[in-house]
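Report on the following structure.
All residue numbers in this chain count up from 1 along the given sequence. Here the structure is a predicted model, which is why all the values come from computation and not from measurement.
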Amino acid sequence: MEEECRVLSIQSHVIRGYVGNRAATFPLQVLGFEIDAVNSVQFSNHTGYAHWKGQVLNSDELQELYEGLRLNNMNKYDYVLTVCDPVLGDKWDGEGSMYVPEDLLPVYREKVVPLADIITPNQFEAELLSGRKIHSQEEALQVMDLLHSMGPDTVVITSSDLPSPRGSDYLIVLGSQRRRNPTGSVVMERIRMDIRKVDAVFVGTGDLFAAMLLAWTHKHPNNLKVACEKTVSTLHHVLQRTIQCAKAQAGEGVRPSPMQLELRMVQSKRDIEDPEIVVQATVL
């Protein structure tokens, strides 16, 4: 019998749709993890819609919830999953912009990232954290080394604008994992994945990616290649099912709405449990 693995997931929550805890909890449970979810934000729906309503938990309220767990000796976790993964910003039409105030960047660099075992920044976030621009795969590997030096053993740059050898229809994911052998020597594993772009805007994919990477690195702790292949292939299956259903609902020639593009998570249960590997990783 597999030993129970407990995860404290501190993320946003929406009543309708799959982002934050809603995107992470179900797939982790399907893979056998016990999840305690703290909703840092509770909204009616994600902010990709025209309107949303809800509440944001402040630090005192978050601490109060955790204190209740601690007083009952229920705060024993194997992992803490939070979308300080880090969520800092992204590039749109080649220009980077931050989601958070710039004065939070030193907090991420000095407080958050050094505590993390795994981080999943996009290219823009990796550049912000490292203070280095990425123009090539070699520079990306150097940036990941800098991020390793800050603390995390696993760094995955989840998307980049680096040119793919497979053409402009693909984007590149790069991963790096630092492991210690029983002898004490350090082993580095580097991988690259070329992923076909999808002509649609989805919300919650980063949350699902982080949850799946946690799950598969737990199950394959010494094989970043397999963990990333299963993570990315899971997303591929979920997104393909989502876009097919959305197009069928929208009708021919009509662009699907945000509601129609909500991730088809429950319908993808079998793909989450045992994803067929459709995206291969190259070991660098």
Quick test of your reading of the model: are R241 and D271 salt-bridged, counting only N-O distances below 4.0 Å? yes
Do the side-chain N and O atoms of D161 and Q123 include a donor-acceptor pair separated by under 3.5 angstrom? yes
If you measure only the distance, is there a donor-acceptor pair under 3.5 Å linking the side chains of S136 and E138? no
Whether over 12 other heavy atoms sit under 6.0 Å from Q249 CD: yes
Contacts satisfying ring-ring contact (aromatic ring centres under 6.0 Å, His included) that involve residues 21-40 (not counting sequence neighbours) are F33-H218
Testing the 3.5 Å rule here: is there a donor-acceptor pair between the side chains of R6 and Y77? no
Count the heavy atoms belonging to other residues, nucleotides or ligands that lie under 6.0 Å from CG of D199, then report whether that count exceeds 12. no
What I'd like to find out is whether the side chain of L174 reaches to under 4.5 Å of the side chain of R190, using heavy atoms alone. no
When you compare the side chains of H220 and K225, does any donor N or O come within less than 3.5 Å of an acceptor on the partner? no
Does this structure show an ion pair linking R166 with D194, if we count only N-O contacts that are shorter than 4.0 Å? no
With sequence neighbours excluded, tell me which residues meet side chain to side chain contact (heavy atoms under 4.5 Å, CB included) with R179. Q177, V187, E189, N222
Among side-chain atoms of S9 and N21, is any donor-acceptor pair under 3.5 angstrom? yes
If the condition is ring-ring contact (aromatic ring centres under 6.0 Å, His included), which residues does Y49 pass it with, not counting sequence neighbours? H46
Just by distance, with hydrogens left out, do Y79 and D117 show a side-chain donor and acceptor under 3.5 Å apart? no
Can you tell whether the side chains of R70 and E67 come within less than 4.0 Å, N to carboxylate O? yes
Residues P165 and R192: closest non-hydrogen pair is CG-NH2, 4.0 Å
